[in-house]
Amino acid sequence: MSSDVPAVVEGDATEIKAVPVRRPGRWLAAAVVAVLVANAVWSLATNDRLQWGIVGDFLFDGRIIDGLVKTLELTVIAMVVGVVLGVLLAVMRLSSNPLVAGASAFYIWLFRGTPLLVQILAWNFIASIYPRITLGVPFGGPEIVGGDANALITTFVAASLALALNEGAYMAEIVRAGILSVDEGQSEAAQALGMTRAQTMRRIVLPQAMRVIVPPTGNETIAMLKTTSLVSVIALPELLYAAQLIYSVNYKQIPLLIVVMIWYLLFTTILSIGQYYIERRFGRGHARELPLTPWQRLRRSLTIQRGRPALPLAQRNTGGGFGA
Amino acid sequence: MSDQHTTAPATDGPMVLAEGVRKRFGLVEVLKGITLEVGRGEVVCLLGPSGSGKSTFLRCINHLERINGGRLAVDGQLVGYREQGGKLHELREKEVVRRRAEIGMVFQRFNLFPHRTALENIAEAPVLVRGLPRREASTRAQALLDRVGLGDRGDAYPAQLSGGQQQRVAIARALAMEPKLMLFDEPTSALDPELVGDVLDVMRDLARDGMTMVVVTHEIGFAREVADTVVFMDDGVVVESGPPAAVLDAPQHERTKAFLSKVL
Ligand SMILES: Nc1ncnc2c1ncn2[C@@H]1O[C@H](COP(=O)(O)OP(=O)(O)OP(=O)(O)O)[C@@H](O)[C@H]1O
Ligand SMILES: [Mg+2]
């Protein structure tokens with residue numbers, strides 16, 4: 001396998017040594033940026049009104065941490081339900097049955113066409129139009145299970161419903177674009193082999209659609225983490241509302257908002273890193289070689305500097321090389 | 001190949017029997033009454049200008065397209081229908097799929113699954129459709145790769161294979177379902193000239209092993225050498241058919257002569 005791999009730069013024999021082009025403009029730009037950044041950091045760090053001590057006091061405050069946990073819970077619930085719903089709605093939308101496709105189109109139209117903030121409020125007040133929620137025979141027949149809406153739809157349930165159902169509409173469009181991006185020859189080949197339409201969708205089309213679906217889904221997840229702060233309007237103590245509750249008593253708005261921002265930034269950063277690795281995984285089979293991870297790139301530049309043989313320019317995608 | 005089959009043939013009549021097959025797309029009639037017979041173990045090459053309906057006819061044979069008129073039967077069974085009490089009943093998906101699995105198809109653009117390795121491409125359908133244990137399917141897939149001369153490339157993804165190698169994997173993938181009939185839709189048209197030979201060699205071997213094949217091709221040399229029957233189609237009808245020597249060397253119809261003068 002290794003014999004037909006294109007030659008890798010090996011040692012000094014083939015390495016070109018040349019004087020690099022001088023780029024004074026770059027150095028100047030870098031210097032200007034560095035001065036500006038240093039100044040901004042200095043002004044933040046030395047501004048007493050920011051009260052960094054208070055930021056530190058509240059960063060791990062029990063109420064803040066509880067709020068953070070709620071924010072993460074809402075994000076996970078909304079995204080998991082949203083993705084499942086999105087796949088379902090996308091498959092429905094592409095159905096040849098006009099009623100099924102129409103129902104999906106209507107759902108998407110409704111949930112994308114109204115502000116999420118309004119939907120959150122509406123779910124919170126749903127008990128006023130349906131005081132009892134029941135599962136039973138349609139059109140007012142006998143009920144099997146049921147309960148008081150105010151008890152069933154807690155603020156947390158209302159918030160989860162609003163976020164998840166809204167997300168479903170957006171995910172449906174993302175999944176649909178993914179499915180449509182897969183060449184029709186793929187389903188044709190799968191069906192010619194005797195796969196049913198469901199098998200074709202599950203085993204052949206969706207896995208390939210993932211390449212198109214995953215990046216925007218990562219963005220949606222990051223956006224959702226921040227969007228959950230909207231449910232503070234229904235007094236659900238997620239991260240933002242937890243902070244609001246605290247500063248409504250001690251009036252330390254800015255330090256507490258900084259605490260909130262630090263937590264959001266930490267988790268959006270973690271999600272971005274996760275997104276990078278997941279995208280890399282779903283690119284499998286599409287590029288001949290996978291791009292290096294930042295870690296691999298770092299290692300490579302270190303080994304080159306020490307004058308040892310460099311790692312291959314890109315990691316091999318699979319065990320197989322590409323020979324004649 | 002065909003003797004490995006578990007399901008006994010329904011009849012000992014022809015493998016494919018088309019009588020006045022018609023196919024419309026919207027208002028455009030693409031097949032205007034195709035009548036054609038493919039015997040067991042026979043190799044039929046379909047020739048004809050672009051747009052004459054060759055691909056459409058192939059796709060009708062494994063029910064990727066539904067016919068609008070005439071009769072089309074594979075191995076004695078109507079394609080897509082069941083005849084009962086003088087009436088035609090549409091088949092359920094399960095039944096359509098079962099019959100389709102017995103017909104292999106090879107496409108001009110290979111259509112390998114890019115997210116699966118060569119070996120996985122071949123083993124996928126036997127596991128999913130036939131319920132074969134994955135280990136056994138992999139062993140068989142490896143044997144098929146050996147047979148098409150790619151025994152050492154099982155781990156490669158399609159993007160890492162040349163066009164000719166991809167097409168040979170695609171043939172192996174179709175053979176993995178142990179089909180009783182193979183359909184080829186211009187299997188070498190997307191290949192660089194120097195890669196065509198390897199694919200034709202594999203097809204030649206298949207024909208020698210007694211596989212029933214319907215091949216849409218512009219490779220006149222291959223048709224002359226391998227085909228039992230050459231069929232020339234134009235504008236949705238069969239213009240003429242017969243042994244290669246007759247159709248290719250002494251065509252009776254003007255349209256056949258005109259076409260052959262362009263491709264030869
Ligand atoms: N799904 C479809 N919808 C509408 N028209 C179609 C469809 N598929 C094929 N056609 C039309 O049917 C005619 C026959 O097409 P077909 O692909 O069978 O021709 P062909 O003989 O295979 O040509 P080629 O040599 O170019 O592959 C063409 O005019 C084509 O535009
Ligand atoms: Mg065609």
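Here is the naming used below: chain letters follow the sequence lines, and residue numbers restart at 1 for every chain.
Per-residue heavy-atom pair counts under 4.5 Å with chain A were compared for B/Val106, B/Leu64, B/Val129, and the maximum is reached by B/Val129. Most heavy-atom pairs under 4.5 Å with chain A: of the set B/Met105, B/Arg109, B/Arg99, B/Glu124, this distinction falls to B/Glu124. With chain B as the partner, the residue from A/Val182, A/Ile204, A/Asp183 showing the most heavy-atom pairs under 4.5 Å is A/Ile204.
Ion pairing between a basic and an acidic side chain is recognised when a charged N comes within 4.0 Å of a carboxylate O; B/Arg82 and B/Glu95 show no such pairing.
Using a distance-only test at 3.5 Å, with no hydrogens or angles considered, no donor-acceptor pair links the side chain of B/Asn62 to the main chain of B/Arg100. B/Ser162 contributes a side-chain N or O that, together with a main-chain N or O of B/Gln165, makes up a donor-acceptor pair within less than 3.5 Å. B/Gln166 places a side-chain N or O within 3.5 Å of a backbone atom of B/Leu161 that can act as its donor or acceptor partner.
Heavy atoms closer than 4.5 Å to chain A are found in the side chain of B/Phe107, but not in its backbone. Only the backbone of B/Ile103 comes within contact range of chain A, with heavy atoms under 4.5 Å apart. Only the backbone of B/Leu112 comes within less than 4.5 Å of a heavy atom in chain A; its side chain stays farther off.
Using cut-offs of 30° and 60° on the angle between ring planes, the pair A/Phe106 and A/Trp109 is tilted.
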